[in-house]
Amino acid sequence: MKIKGGINKELAEIFNKIADYLRSQKVEFKPHAYQRVAISISSLEKEVSRIYKEEGLKGLMEIPGVGENIALKIEEYIKTGKVSDYEKIGKKIPPGVFEIAKIEGIGLKRAQILYKKLKIKDMNSLEKAAKKGLIAPLFGFGGKTEKNILEGIAFFKTRKDKISIAEAFLIAERIKKELLSLKEVEEISEAGSLRRRKESIGDIDIIIASKSPKKVMDFFVSLPGITKIWGKGKTKSSIQLKEGIDVDLRVVSKENYGSALLYFTGSKEHNIKIRKIAISKGLKLNEYGIYKGKKRLGGKTEKEIYSILGLSCLPPELREDKGEIEEKKIPNLLELKDIKGDLHCHSLWNGGQNKIEEIAKTAIERGYEYIGISDHTKFLKIERGLDEKQLIEQRKEIDKINVQLKGRITLLQGCECNILNDGSVDIQEKELRKLDYVIAGVHSNLKMSRDEMTKRIITAMKNPNIDIISHPTGRLINLREEYRIDFEKILKIAKETGTILEINGSPYRLDLKDIYIRRAKSIGVKMIIGSDAHEKSQTRFMEFGVFQARRGWAEEKDIINSFSLNKFLKLLKRNNQN
DNA sequence: GCCGTTTTCGGCCCGACTGTTTTCAGTCG
């Protein structure tokens, strides 16, 4: 069973599947151990093969959650490309059955029942069976489950072969770095949907300015990790990477770089519109430049072209033909460097991977002025959510670290408490009041009716002790739809109550999505970007939140963690009541 | 299978809810 992706991701997926399998066999404790290792390996910065090469088995065992047994399995995979225990499972369960188990409402146990009873071994055979109504009569299944299965399959079909912005961004950074090592490369940039920072990316486009296209192309098609060369020419080459994504490279002359970048960044709709403007001015715009008759007026930079067309230079994130061309006042978009703190971080206290002190030090390295610890609370047993007593204990620790780090950073204590079915939360109000800020989010019973879920969130927003709503729509990209909510109503109440909506930067969520951010901004609802880091390196998810905010036309003034600590605190509901 | 400022062995992964059941699987991160 071969899985696409870098070695850490491959192993994480194998360990996750072993965990799923053991859980379906009712094995105790081991699934948790495997799952933990899967999480910790996938958040490693270094490839396990490198750790093994440099430090051997001992190095592997220093990875959190890895003991002797799992270290040996990692070693086996590095040496042979296989984990024999996992191969044994593969003989019992076809890979398609694991896929089926990803559908909401189906776990590996039910998938195995379907395999045994109806010989269902992939999505296709599952869909056929559900449509024929063969599933509902099975013991333990029913009409609603069958309906859920069909909805789940439909959702899976819409996601196509796209990868997340986070994954595409990191791959592109790596490739750009390699290409930049060539002295023949004069300019380089990503283009396409990646440059526009869309949340999912079909393929990666890269544009290079160079006088020696052949050298650049030869180097490009010899990069490590290529599984297929679709085509190689003087100006355009296309490859497939082992991560399962295609990369297209175009090499142009420096004179054409701006026009090529503009053309290949898109969007198509944006390009059509600016070409029409060119025509209306008696000009012609293409990927080689901007022309009046045969005379070339420019094309070296994007700015030059926009200026000839009488437009301001539009940031790529806005180029969707959603009003940016007509807009008189182009927003001065938020930038990563504007961010002064991260208020959504989980610590070791609730099952995160790092001590508060380590998170604080990472925040100092990131240049933040403040950092907030917002651990889950007690309703989420599986996350070891904190109760009132533990919050009081945690405060003591935070106070102590604040003294140690005085002058370097300020730590705040918050929590991410749970909005229960009736809109109340799982921590007593008087304890919430003692915190510096409170985030509340929905983490359970996600399939409520639209009215009930809207009411549930609104009740929480009306609570004077709740400052921020985390991941307000609850979607997981490619995995789970939003809660059914009346978002307009939620915006209205957010504005009235001064509740802040989060833009969750985790690549799995990116919630709020771009159109909601733009809508919130237009109404004047304040937002905050949180990394939702469960491991210190994940604080970099802030950047993906900033991308998302930029696509939503957000400026510094719309995002409250771009404010200095004092201004930020003054904006919180708790500090703003008469 | 991992882990140790109580431990090198005995803890760890709990509970409320939904759908479909009459005991259970799956979902929330």
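The chains referred to below are lettered A, B, ... by the order of the sequence lines, with proteins before strands, and numbering in each begins at 1.
- Backbone-only engagement by A/Val66 is indicated by non-hydrogen atom pairs under 4.0 Å involving sugar-phosphate atoms exclusively.
- Taking a cutoff of 4.0 Å between a charged side-chain nitrogen and a carboxylate oxygen, A/Glu488 and A/Arg519 qualify as a salt bridge.
- Counting non-hydrogen atoms under 4.0 angstrom, A/Lys378 reaches nothing in the nucleic acid.
- In this structure, CD1 of A/Ile70 is placed 12 Å from C1' of B/dC3, rounded to the nearest angstrom.
- The separation between A/Lys147 atom NZ and B/dT18 atom C1' is 14 Å, rounded to whole Å.
- Using a 30° and 60° split on the angle between ring planes, A/Tyr508 and A/Phe541 fall in the perpendicular class, above 60°.
- Put simply, CD1 on A/Ile149 is 13 Å from C1' on B/dT20, counting in whole angstrom units.
- In the displayed structure, A/Glu173 atom CD is contacted under 6.0 Å by more than 12 heavy atoms of other residues, nucleotides or ligands.
- If you look at A/Phe169 and A/Phe547, their ring centroids are closer than 6.0 Å.
- Between the P atom of B/dC17 and the CG atom of A/Asp422 lies a distance of 11 Å, rounded to the nearest Å.
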When every nucleotide of nucleotides 22-29 of chain B is labelled 5' to 3' by its protein contacts under 4.0 Å (heavy atoms), B for base, S for sugar-phosphate only, - for none, what sequence of letters results? S--SSSSB
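- Taking 4.0 Å as the cut-off between side-chain N and carboxylate O, A/Glu357 and A/Lys361 count as a salt-bridged pair.
- Rounded to an integer number of Å, the gap from CG of A/Leu420 to P of B/dC17 is 10 Å.
- A ring-ring contact (aromatic ring centres under 6.0 Å, His included) check over residues 417-449 of chain A, counting only residues at least two apart or in different chains, returns the pairs A/His376-A/His443, A/His443-A/His471.
- A/Leu22 comes within contact range of no nucleotide atom at all, as no heavy-atom separation falls under 4.0 Å.
- Toward the 5' end of DNA chain B, the nearer of the two residues A/Lys144 and A/Lys73, judged by each one's closest nucleotide, is A/Lys73.
- When rounded to the nearest whole Å, the span between CE of A/Met448 and C1' of B/dT18 equals 12 Å.
- The interatomic distance linking A/Ile135 (CD1) with B/dT21 (P) rounds to 13 Å, in whole Å.
- Salt-bridge check for A/Asp399 with A/Lys396: failed, with every basic side-chain N at 4.0 Å or more from each acidic carboxylate O.
- When distances run from any side-chain atom of A/Tyr34 to the nucleotides B/dG19, B/dG1, B/dC17, the shortest one goes to B/dG1.
- Put simply, CD on A/Glu62 is 15 Å from P on B/dC2, counting in whole angstrom units.
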